[in-house]
K.L.:
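Right, I'll just put the structure down here and ask away after.
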Amino acid sequence: MPQHLPAPVEGDAGTAPPPGPPPGTAPRGALRRLPGTLRPGTLLTWLPLPLAAGLWTSSLPHVGFRSMGEYGLLDRLPLTYYLSLLVLTAGFLAGLRRAGTAPWWPALYCASLLMALKGVPAVLYDSERYPWASKHDAVIDHLLANGELRPGEGLSGNMSAYDQWPGFFTLNGGLVRAFGVDGAAAYLNWAPVVLGLLMMPVLVLIYRTFSDDWRLVWTAVWIFQLANWVGQDYLAPQGLAYLLHLAVLAVVVRHFVRPGSAGRLRSRAWLDPAAAGVPPPTATRQRAVCAVVLVPLIVAVNAVHQLTPVMLCVTLLALNLTRRYRNPGLLAVAVLIMLAWDLTMGRPLFTETLGTLRDSLGQLTRNSRAGYAGQLTGAGPELAGRANVLMVLAVAGLAGAALLLRRRLVHSALPLLLASAAPVPLFVVNDYGGEMLFRVYLFALPGAAFLAAATLVPAAGDVGEHRVRPAVRRACAIALPVVLTALLAGFMPSYYGKERMNYTPPAETALVTRTIDGAPEGALILATTGSFPQALHRYDRLEHWFFAEQELPGNVEMLKDPAHYLSTRLPPGTTAFVILTRTQDVYTAGEGLLPPGGFAALTRDLTASPLFHVVERTDHGVVLRYDSP
């Protein structure tokens with residue numbers, strides 16, 4: 001009988017390895033990879049990008065933005081558009097798997113998401129998105145035509161804020177000259193995309209200060225973009241000021257650490273596996289140099305916007321509550337620069353605002369409402385309002401979960417948490433024209449997005465007390481795509497549900513421009529609201545009264561006899577033009593300024609009144625003239 005020899009053991013002396021394939025060849029039964037072929041993981045990482053781009057591009061000709069109904073763009077975007085967003089989400093999740101060694105893949109997907117979400121109006125619209133943004137174009141035109149702004153003059157239409165904080169308009173005046181275009185309207189619709197791209201590296205700097213995990217960092221950026229539905233990133237001073245604010249915050253958290261303040265955070269064994277080590281400490285002289293370097297940036301914030309410097313100061317105050325960033329000198333510099341600007345260039349509006357604090361101080365319910373009336377009406381606006389609330393609750397809930405699930409990471413990222421919570425007390429002070437709610441949410445969003453990402457992306461530790469249970473990993477593997485898809489679903493109605501208010505047909509713009517160009521100097525322009533195109537064209541030569549921008553009960557009273565209401569409030573000898581357009585109709589109804597049917601009744605009554613004479617009527621609106629007896 002044949003003998004059964006023992007199988008040779010690899011590494012045993014005197015035994016030869018089993019016969020195998022020649023060097024450089026694949027084992028029998030294995031797929032042979034040709035030179036230059038991509039690994040399956042790499043293919044899944046990059047393939048969704050061109051696929052999503054193709055779907056998104058092919059969807060554009062089918063976007064019915066000129067025929068929007070009650071739901072804005074939501075039911076005018078084709079299925080291929082929504083598929084492109086889902087493909088981008090899938091590609092981003094695949095890219096996260098390689099984020100540690102190839103962080104540029106999530107970066108490409110974040111940039112692509114920004115373009116996919118906010119690039120549609122920039123590519124398609126034949127007019128300015130957000131009709132009220134045309135007033136910024138008017139200020140830029142005024143600056144270029146006259147070579148100066150006049151902060152000491154009491155200009156109509158609440159334009160004094162723009163003259164007293166002119167940094168944004170000066171910058172855009174230079175851009176208009178550099179680009180050789182007729183005005184800022186040529187690039188106005190691209191502002192959300194450009195500002196979003198500029199914001200990405202700043203957010204990465206902030207997040208990398210508190211986390212070494214690229215998966216967490218890029219997930220936070222992704223969530224920030226999905227949760228940034230507020231609409232404050234259009235071509236306006238607050239968008240630029242917000243970017244500068246984040247830049248100051250990034251410098252402070254990375255270069256203003258006090259010596260000996262980190263304590264046990266210097267111990268890698270105590271930190272969360274995803275936490276970054278505390279930045280190197282800086283001496284008093286180094287921090288003083290950094291403060292001097294930040295002075296131009298802080299001055300720029302003050303030159304651009306009136307509210308953002310307040311947000312910056314309360315943020316620096318919150319950082320002073322930690323040992324790591326207790327830098328009262330920098331806080332003092334920021335406060336002094338803000339006061340210096342408010343008491344010189346911005347003095348007229350600053351003193352006026354101080355006079356209104358008595359009525360608004362402590363009015364939490366009023367200060368936290370959205371808009372003038374605070375009551376959205378109509379299917380699309382109501383859906384957008386509910387989506388806004390759900391988005392805030394979702395982001396806040398995810399961020400709150402991190403306080404329980406990632407306590408060590410939250411402890412090391414405490415400065416970011418405090419910086420995000422700092423603006424909340426401003427609800428006690430003022431309603432900021434019905435916009436304080438949106439501003440507080442926007443300034444709290446960077447930290448909330450980071451903590452939300454920390455809830456969804458598990459730590460990478462596999463040993464000792466940092467070991468993550470397999471059940472937790474499986475739960476996060478399911479929760480991450482589900483939550484990102486849910487946030488994407490919430491972004492769409494939040495951002496595009498009221499789009500009928502934001503798009504204006506060019507013919508309406510032409511009607512308004514003809515009327516205002518033909519008005520004699522010193523005439524009064526009347527409209528229900530300033531949210532229509534070219535509302536403040538020639539604002540330095542005409543007066544304006546937007547008579548429906550008040551509480552709803554006042555407007556209900558006005559509608560009983562609008563001709564008498566307006567004529568008895570106009571100064572004697574006044575020549576006034578009443579401009580009533582489709583965009584005003586949509587805005588006053590959607591924002592709840594007028595009751596249902598109120599705009600049509602207003603138009604009908606004024607047209608029938610012998611006190612007002614029709615100058616021009618088109619499908620997009622009617623212009624009436626009033627000559628005082």
Side-chain angles (χ1 to χ4, degrees), residues 31 33-65 73-125 189-190 192-194 196-197 199-201 203-204 214-229 453 456-457 476-496 499:
L31 293 176
R33 191 185 307 280
L34 297 176
T37 56
L38 294 173
R39 297 175 181 272
T42 304
L43 188 66
L44 291 175
T45 301
W46 72 264
L47 184 60
L49 275 175
L51 178 58
L55 289 170
W56 187 82
T57 305
S58 66
S59 72
L60 294 181
H62 307 288
V63 178
F65 65 94
L73 272 184
L74 293 180
D75 56 355
R76 294 298 184 266
L77 292 167
L79 178 62
T80 49
Y81 174 81
Y82 291 104
L83 287 176
S84 71
L85 299 180
L86 293 176
V87 171
L88 277 178
T89 303
F92 173 74
L93 293 170
L96 279 184
R97 295 176 177 272
R98 306 180 60 202
T101 56
W104 55 83
W105 285 116
L108 284 174
Y109 277 101
C110 285
S112 300
L113 177 72
L114 180 67
M115 182 63 188
L117 291 177
K118 299 184 177 180
V120 172
V123 175
L124 292 182
Y125 282 12
N189 288 344
W190 285 98
V193 177
V194 174
L197 290 174
M199 219 171 291
M200 276 177 52
L203 288 172
V204 170
W214 278 110
R215 300 172 307 146
L216 194 158
V217 169
W218 285 115
T219 302
V221 174
W222 188 273
I223 292 175
F224 178 89
Q225 292 183 352
L226 291 178
N228 187 14
W229 48 263
L456 297 171
V457 179
C476 290
I478 297 173
L480 181 59
V482 170
V483 169
L484 295 188
T485 304
L487 291 177
L488 178 61
F491 173 89
M492 295 306 297
S494 296
Y495 195 72
Y496 285 125
E499 195 64 15

K.L.:
Work out which heavy atom in V123 is nearest to a heavy atom in W56; give both atom names and the distance.
P.N.:
CG2-CH2, 4.1 Å

K.L.:
Out of curiosity, I223 CD1 to L488 CG, how far, rounded to the nearest 0.5 Å?
P.N.:
12.5 Å

K.L.:
Going by ring pair (Phe, Tyr, Trp, His ring centres under 6.0 Å), name the pairs with one or both residues in residues 101-120, residues two or more places apart or in two chains.
P.N.:
none

K.L.:
Supply the atom-to-atom distance Q225 CD to K118 NZ, rounded to the nearest 0.5 angstrom.
P.N.:
7.5 Å

K.L.:
Can you tell me how far CZ of F491 sits from CG of L117, rounded to the nearest 0.5 angstrom?
P.N.:
4.5 Å

K.L.:
Give, for atom CG of L114 and atom CG of L88, the distance between the pair rounded to the nearest 0.5 Å.
P.N.:
11.0 Å

K.L.:
Please name the pair of heavy atoms, one in L44 and one in A94, separated by the smallest distance, quoted to 0.1 Å.
P.N.:
O-CB, 3.7 Å

K.L.:
Return the CE to CH2 distance between M200 and W218, rounded to the nearest 0.5 Å.
P.N.:
4.5 Å

K.L.:
Which atoms form the tightest heavy-atom contact between G95 and T45, and what is the distance?
P.N.:
CA-CG2, 4.0 Å

K.L.:
Under 4.5 Å between any side-chain heavy atoms of C110 and F224, yes or no?
P.N.:
no

K.L.:
Apply the test side chain to side chain contact (heavy atoms under 4.5 Å, CB included) to residues F65 and E499: give CA-CA distance (whole Å), side-chain angles for both, the deciding distance (0.1 Å), then the verdict.
P.N.:
CA-CA 9 Å; F65 65 94; E499 195 64 15; over 6 Å; no

K.L.:
Look at atom CZ of R76 and say whether more than 12 heavy atoms of other residues, nucleotides or ligands are closer to it than 6.0 Å.
P.N.:
yes

K.L.:
Which heavy-atom pair separates R215 from L96 by the least distance, and what is that distance?
P.N.:
CG-O, 3.4 Å

K.L.:
I need the minimum non-hydrogen distance between T80 and L55, along with the two atoms involved.
P.N.:
O-CB, 3.7 Å

K.L.:
For the pair F92 and W222, name the ring-plane relationship: parallel under 30°, tilted 30 to 60°, perpendicular over 60°.
P.N.:
parallel

K.L.:
Atom OG of S112 and atom CG of L85: how far apart are they, to the nearest 0.5 Å?
P.N.:
11.5 Å

K.L.:
Side chain to side chain contact (heavy atoms under 4.5 Å, CB included), that's the test. Do V63 and Y81 meet it? Break it down for me.
P.N.:
CA-CA 9 Å; V63 178; Y81 174 81; 5.8 Å; no

K.L.:
For a quick test of reading the model, state the closest non-hydrogen atom pair linking P106 to A99 and the distance between them.
P.N.:
CG-CB, 4.0 Å

